[in-house]
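Counting begins at 1 with the first residue of the sequence. Atoms within each ligand, like the ligands themselves, are counted from 1 in listed order.
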Amino acid sequence: MDRIRIRGGRPLQGSVPISGAKNAALPLMAAALLADGPLVLSNAPDLADIATMAQLLRHHGLSVEHDKAARTLTMSGAATELEAPYDIVRKMRASVLVLGPLLARFGRARVSLPGGCAIGTRPVDLHIKGLEQLGAEIEITAGYIEARGKLRGARIIFPQVSVGATENLLMAACLAEGETELVNAAREPEIGDLAMCLMRMGARIEGIGTDRLRIEGGAPLLPATHPIVPDRIEAGTFACAAAITGGQLHLDGARLEHLGSVARVLRDAGVDVAETHTGLLVTRRNGLRGADVMTEPFPGFATDMQAQYMALMTVAEGASMITETIFENRFMHVPELMRMGARINFHGSSAIVRGVPKLSGAPVMATDLRASVSLILAGLAAEGETIVNRVYHLDRGYERVEDKLAAVGADIERLAG
Ligand code: UD1
């Protein structure tokens with residue numbers, strides 16, 4: 001398996017192009033199941049998770065073309081196979097996003113239960129309950145969700161905010177007869193992006209950007225072209241890279257309003273985040289200060305930025321308390337950061353990070369995407385050489401992260417094998 005070698009200590013300087021968001025692209029691809037298409041997505045990132053979703057859609061019978069040079073994804077055709085098999089779903093939990101569209105369009109679907117993952121148990125009960133409220137009959141048998149029924153609009157009140165359940169229900173509601181209201185819906189920018197794409201396909205949706213979405217469903221959806229929103233988590237990660245190295249990066253295409261409280265927290269920590277005409281300029285001139293965070297649904301501090309922020313706090317002056325409220329097991333980066341000299345105590349869902357003047361390079365490994373990139377950030381600031389093993393996780397969510405970092409001055413390379 002590939003590894004990444006970093007020699008730390010160089011301040012990063014320059015411009016980084018921010019790719020289309022993985023977490024927007026995956027539901028947008030699933031939305032292609034709602035219509036014959038073609039659905040053309042521009043600004044598509046080239047990532048392992050995108051290839052997995054393309055594989056799943058092809059398995060369902062769609063034609064999927066990924067023109068990597070043009071950065072477009074084109075999906076067309078109607079699904080002929082209504083089962084999403086374990087072999088694909090277990091590779092990527094977001095596969096469960098095909099459930100709502102398949103059921104809404106064809107009256108039945110059989111989708112493998114995704115199961116847990118490294119960061120927690122991650123149930124899909126909210127997806128299932130919501131679809132039942134739209135009239136589906138759902139049984140769990142042999143590890144599969146078996147759903148059938150003709151969907152009709154309903155008022156669904158989510159007991160807890162869920163990005164995936166909001167997306168599944170939003171897509172299903174577009175083809176359910178009558179009006180659906182989603183209350184306590186997730187407000188992540190990726191949901192707004194999905195809603196905009198569905199509107200381009202002819203759906204009628206109100207309340208975009210709020211926690212209350214109203215959908216007037218039932219009309220068939222049509223071909224459309226839609227640009228994928230820039231990746232706010234990639235932008236936040238590069239903002240941390242500028243900050244941890246004491247450098248300055250322009251994040252081309254990044255949007256301040258999509259960072260939610262990540263921008264505020266970075267400013268509290270002594271990092272300058274300024275809007276420009278084409279993106280964000282992130283600069284760190286003086287020392288970093290410890291600042292507390294608690295992860296929350298958008299616009300709160302993103303759980304997908306928690307590991308990167310913790311890496312930053314390992315070299316800040318003073319202490320910071322980092323509390324994870326979304327996933328129960330999302331501190332796998334802690335022991336690895338400690339191997340690099342970080343001072344962290346954690347108990348349950350909170351970690352206290354006491355900043356140290358310098359980290360030292362070490363061989364490290366992580367078992368999820370954001371944890372892996374936090375180790376790269378730590379490596380950029382550390383004295384000496386860091387080897388990040390198992391970069392498979394990185395490739396799921398970051399497009400050529402080592403090339404983008406090398407282009408702005410990092411001493412970083414991928415070691416094959
Ligand atoms: C999405 C993102 C992921 C991000 C997460 C939270 C994608 C592809 N992935 O994941 O990167 O970390 O949002 O911002 O967009 N829950 C239930 N029952 C359910 C569904 C969720 O209990 O049916 C719980 C989860 O276990 C978790 C919380 O709700 O504790 C939030 O999960 P959710 O927002 O659904 O995350 P995902 O959509 O899986």
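Between L126 and ligand 1, at least one pair of N/O atoms sits closer than 3.5 Å. Of the N or O atoms in K22, none lie within a sub-3.5 Å distance of an N or O in ligand 1. The shortest N or O to N or O distance between T303 and ligand 1 is not below 3.5 Å. At a 3.5 angstrom cut-off on N or O pairs, I326 counts as close to ligand 1. The N/O atoms of S162, backbone and side chain alike, include one that comes under 3.5 Å of an N/O atom in ligand 1. The shortest N or O to N or O distance between E167 and ligand 1 is not below 3.5 Å.
Ligand 1 places these atoms under 4.0 Å from at least one heavy atom of G164: 35 (O), 38 (O). Interface of R330 with ligand 1, defined as ligand atoms under 4.0 Å from a residue heavy atom, comprises 12 (O). Each of the following atoms of ligand 1 lies closer than 4.0 Å to a heavy atom of D125: 17 (C), 18 (N), 19 (C), 22 (O), 23 (O). Near H127, meaning under 4.0 Å from any of its heavy atoms, are these atoms of ligand 1: 23 (O). Atoms of ligand 1 found under 4.0 Å from any heavy atom of V163 (numbered from 1 in listed order, with element): 1 (C), 13 (O), 33 (P), 34 (O), 35 (O), 38 (O).
We find that R339 and E336 are joined by a salt bridge, their nearest charged nitrogen and carboxylate oxygen being less than 4.0 Å apart. A salt bridge is absent between D49 and R93: the closest approach of a Lys/Arg side-chain nitrogen to an acidic carboxylate oxygen does not fall below 4.0 angstrom. Remark: R110 engages E146 in a salt bridge, criterion side-chain N to carboxylate O under 4.0 Å. Comment: D268 engages R264 in a salt bridge, judged by a side-chain N to carboxylate O separation of less than 4.0 angstrom. Ion pairing of R212 with E181 is present here, as a side-chain N (NZ or NE/NH1/NH2) and a carboxylate O approach within less than 4.0 Å. Ionic pairing of R232 and E190 is present here: one or more N-O contacts between side-chain nitrogen and carboxylate oxygen are shorter than 4.0 angstrom. Checked for salt-bridge contact, E402 and R414 meet the test: a charged N lies under 4.0 Å from a carboxylate O. Using a cut-off of 4.0 Å between Lys/Arg side-chain N and Asp/Glu carboxylate O, R108 and E83 are scored as not salt-bridged.
Between atom CD of residue Q55 and atom NE2 of residue H60 there is a gap of 10.5 Å, rounded to the nearest 0.5 Å.
Counting heavy atoms under 4.0 Å from ligand 1, residue F298 does not touch it at all.
Not a single heavy atom of A186 sits less than 4.0 Å from an atom of ligand 1.
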